[in-house]
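Working notes, structure below.
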Amino acid sequence: MTTFPHSIPIPVVEYELITNPSRLSEVLLPLLKARVLAIDTETTGLDPLSDRIRLIQIAIPKHPVVIIDLAAISIHKLSPLKQLLNNNAVKVFQNGKFDWQVLEIAGLRPKGPFFDVMLASQVLRSGLKKDHDLKSLALEFLGIKLDKSLQSSNFAGKLSTSQLEYAALDAFILLKLRARLISKLRNARLLETAKMEFAAMPAVAEMELNGMLLDVQEWHLLSEELNQKKQTTLAELVKAGLKPAPSAQLSLFPEITETINPRSSTQVLNALHALNIPIQSTSKSELIPLARQYPIIQLLLNYRKLASLCSNFAEALPKHIHPITGRIHPSYRQCGARSGRFSCKKPNLQNVPRNCTAKGMRTCFISAPGYQIIKADYSQIELRIVAEISGDRRMLDAYSKGEDLHTLTASLITGKTLEEVTSEDRRIAKSVNFGLIYGMGAAKLQAYAEEKYDVLLTFEEAKQFRIRFFQAYSGVKRWHERIRRTVYVKDIKQIRTIGGRRRRWSKKPRLSELLNHPVQGTSADMLKVAIARLFKVLPKTGAKLIGVVHDEILLECPQTTLKRTSHILKKVMVEAGELYLQQVPVEVEVTISSSWAS
DNA sequence: GGATCTAGCGCC
DNA sequence: AAACGGCGCTAAATCC
């Protein structure tokens, strides 16, 4: 890594401010010939749906930065700009998702190929937890200290010279950053991964603008139901004897301390100790084994779950309904996870509960009139990727014959034939499969099976299943051993997905992290290829991308094109998967419904 | 008093 | 020898 012992002075950037339509086409003429355009925008705020674009700054090498004051020029006079943004030049952005959205809403949608310096940096430094804002990138890759104090200045009124200089520099610096990042990416063999991110970027930008529609009335009913349950559970808890520990009752106001807050782990710990229940912490894994013995613990678990559902979802999600669109527009980060997976926030729609009430929260996410929701997800994608990467014969055989891997595992660990396997056996096997591929130990497997699959195993059983799993899938065992050697013998601190996406560690990685990245990351890669391709083909169907959840894609589709669109969606997803999986068939399950429920 | 950390919940 | 990974949000607890 290059270091810059002395910071380089901030370059002086020439610019021309355009406030007059008659000068526009003239000044854009040389830009039309450029192969690369660096673009930045300044807006009146950070919400593309309610704030407005003020400036667009465009930089090309050896030329003054062109700053166009969009407050001064009517949209009808902008065709030269539209033509420029719609040409085949590479468009360079910093966090281009935001600029894409702002430009789209201003009727100035830019056309790719794109280069996003933030995404490039995230791909390059994945796992190393660094900042990826423009200031950090300029310092890290160019040794330039940028002054970003004007970023949040008022871009609605009259603009100062320093604001214009700031705006010009932001665009100009992107050219230099791109050049530096390209060579870094190429040296790290990450250019292909970065290009995949760039291609997915407009799809992500549009997905956020599309947002999802929440049925507020149904949501309210569901919230009421949850709240009722929460209150009755609280009453039962008090009845069952959840009260302050004796020492705490020395309070001057005993009536106030008659009950405790069941969400407070410290209060709960004391209260349970007072009831002679032997626990070290109030964590779920410690409470679950005691739930059968002590009814109060089951009530406590129920209450905590209900309280979390109420505050995290029932009360929280309606607050995110946008006043202009009436829809929820979460913020997706396409490189949000170190594996390359998406993360989602404000609100996080990737963790909306599936089956928390009789009705289900996801049924409240609905399609607009005249539309339906198409949901498509990759079937057992992580296990398929494990089969591909490990080359495990048995897994590959099972998948190529179209067999069910959970049933196969059930048969292998119980010794029963495939026909004898019960649905209970299969559920056990499911927990075993998902638990053991990343090297879970027997104790955790036991807890995990109970917590997630309601499967009771003794420690000995968990141990036996673990042994039999690795006997049955010896290729998986060899894969684990191969990776183990890379950490503990070769001291390697990085690993890649099938497509080459890299994750690094600053300290010695855990084996499970090294096993996990190629699997989760490859799954993320195929999802991104899929949405990038969908971005190109969906417009002709009228369908809109409205959500992604790791191995799942959600479209809102006009009734009239449902059949064709779901066919296209499935085809695109399967083909994206097949780019990475050569030995395992890729399967995608598609459902059509008036809501997000499956 | 506000900022930050932790525990515990949801999802794939 | 033992070890599942990846996220975000809320409320309580703690720090400054």
Side-chain angles (χ1 to χ4, degrees), chain A residues 126-127 226 260-269 281-288 300-317 319-320 330-356 360-362 377-383 385-386 431-449 451-452 463 466 469 476 480 483-484 487-488 495 497 503 508-524 527 547-553 596 598:
Chain A
S126 187
L226 273 175
I260 63 165
N261 182 353
R263 292 191 85 171
S264 159
S265 47
T266 48
Q267 289 178 41
V268 166
L269 192 63
S281 81
T282 60
S283 69
K284 199 173 183 177
S285 55
E286 194 163 339
L287 293 185
I288 281 180
L300 178 66
L301 289 168
N302 294 348
Y303 179 85
R304 285 204 311 215
K305 190 186 171 91
L306 288 165
S308 149
L309 290 172
C310 287
S311 59
N312 279 19
F313 302 101
E315 292 160 20
L317 294 195
K319 293 178 188 162
H320 286 94
S331 172
Y332 286 92
R333 284 176 59 198
Q334 64 187 86
C335 289
R338 281 164 278 201
S339 57
R341 267 192 179 184
F342 279 87
S343 72
C344 178
K345 62 180 180 178
K346 288 182 179 179
N348 182 3
L349 290 189
Q350 295 193 136
N351 70 347
V352 174
R354 286 180 146 275
N355 301 308
C356 67
M361 288 192 176
R362 293 189 180 198
D377 62 287
Y378 285 108
S379 158
Q380 290 180 19
I381 195 61
E382 291 205 3
L383 281 176
I385 296 170
V386 167
S431 68
V432 170
N433 278 335
F434 290 132
L436 296 186
I437 50 173
Y438 305 125
M440 189 182 274
K444 235 177 189 174
L445 175 61
Q446 188 190 3
Y448 169 79
E451 186 180 328
K452 300 280 184 198
K463 226 164 125 181
R466 192 170 183 277
F469 177 89
V476 176
H480 284 196
I483 301 300
R484 189 198 313 271
V487 212
Y488 295 101
I495 202 156
T497 64
R503 176 179 169 183
K508 190 188 281 288
R510 286 177 293 185
L511 174 61
S512 48
E513 292 171 334
L514 282 159
L515 294 173
N516 180 267
H517 173 80
V519 182
Q520 272 199 6
T522 298
S523 161
L527 189 82
V548 292
V549 194
H550 306 306
D551 62 357
E552 169 181 325
I553 293 178
W596 186 13
S598 49

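By convention in this document, chain letters (A, B, ...) are assigned in the order of the sequence lines, proteins followed by strands, and residues within each chain are numbered from 1.
When the side-chain nitrogen and oxygen atoms of Ser308(A) are compared with OP1 and OP2 of dG8(B), none of them lie within a distance under 4.0 Å. Checking the phosphate oxygens (OP1, OP2) of dG6(C), a side-chain nitrogen or oxygen of Arg503(A) falls inside 4.0 Å. Within the structure, a side-chain polar atom (N or O) of Lys305(A) is placed less than 4.0 Å from OP1 or OP2 of dG10(B).
One can place CG of Leu511(A) at 11 Å from C1' of dG5(C), the figure rounded to the nearest angstrom. Spacing between atom CD1 of Ile288(A) and atom P of dG8(B) amounts to 12 Å, rounded to whole angstrom units. Spacing between atom CD1 of Ile437(A) and atom P of dG5(C) amounts to 12 Å, rounded to whole angstrom units. Distance CG (Leu226(A)) to P (dG10(B)): 12 Å, rounded to an integer number of Å. Nucleotide dA13(C) holds its C1' atom 14 Å from the CG atom of Leu269(A), rounded to whole Å. One interatomic measurement links the two molecules: OH of Tyr438(A) to P of dC12(B), which rounds to 14 Å at whole-angstrom precision. Atom OH in Tyr332(A) sits about 13 Å away from atom C1' in dC7(C), given to the nearest Å.
Nearest to the side-chain atoms of Arg362(A) among the listed nucleotides dA2(C), dG8(C), dC12(B) stands dC12(B). Here dA13(C) is the nucleotide among dT10(C), dA13(C), dG6(C) with the atom lying nearest to any side-chain atom of Thr266(A). Distance from the side chain of Arg341(A) is smallest for dG5(C) among the nucleotides dA12(C), dG5(C), dG10(B). Closest to the Arg338(A) side chain, of the nucleotides dC9(B), dG6(C), dA7(B), is dG6(C). For Arg354(A), the listed nucleotide lying nearest its side chain is dC12(B); candidates were dG8(C), dC12(B), dT10(C). In this structure, the nucleotide among dA7(B), dG6(C), dA12(C) sitting nearest to the side chain of Thr282(A) is dA7(B). Of the candidate nucleotides dA11(C), dA7(B), dG10(B), dA7(B) has the atom nearest to the side chain of Ser265(A). You'll find that the side chain of Asn351(A) is closest to dG10(B), out of dG6(C), dC12(B), dG10(B).
Base engagement by Tyr448(A) is indicated by at least one non-hydrogen atom pair under 4.0 Å involving a base atom. Here Arg304(A) lies in heavy-atom contact (under 4.0 Å) with sugar-phosphate atoms only. Residue Gln520(A) is in base contact, counting any heavy-atom pair closer than 4.0 Å across all strands shown. At a threshold of 4.0 angstrom between heavy atoms, the contacts of Ser281(A) with the nucleic acid are absent. At a threshold of 4.0 angstrom between heavy atoms, the contacts of Ala316(A) are confined to the sugar-phosphate backbone, with no base atom among them. When heavy atoms are screened at a 4.0 angstrom cut-off, Asp377(A) is found touching no nucleic acid atom at all. Residue Val352(A) is in sugar-phosphate contact alone, with no base atom involved, counting any heavy-atom pair closer than 4.0 Å across all strands shown. Among the heavy atoms of the strands lying under 4.0 Å from Asn312(A) is at least one base atom, whether or not backbone atoms are also near.
For the residue pair Arg263(A) and Ser311(A), a side-chain donor N or O sits within less than 3.5 Å of a side-chain acceptor on the partner.
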Begin from the C-alpha positions of Glu382(A) and Arg341(A) and carry the test salt bridge (Lys or Arg N to Asp or Glu O under 4.0 Å) through to its verdict.
CA-CA 13 Å; Glu382(A) 291 205 3; Arg341(A) 267 192 179 184; 3.3 Å; yes
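The CD atom of Gln334(A) sits 11.0 Å away from the CG atom of Leu527(A) when rounded to the nearest 0.5 Å.
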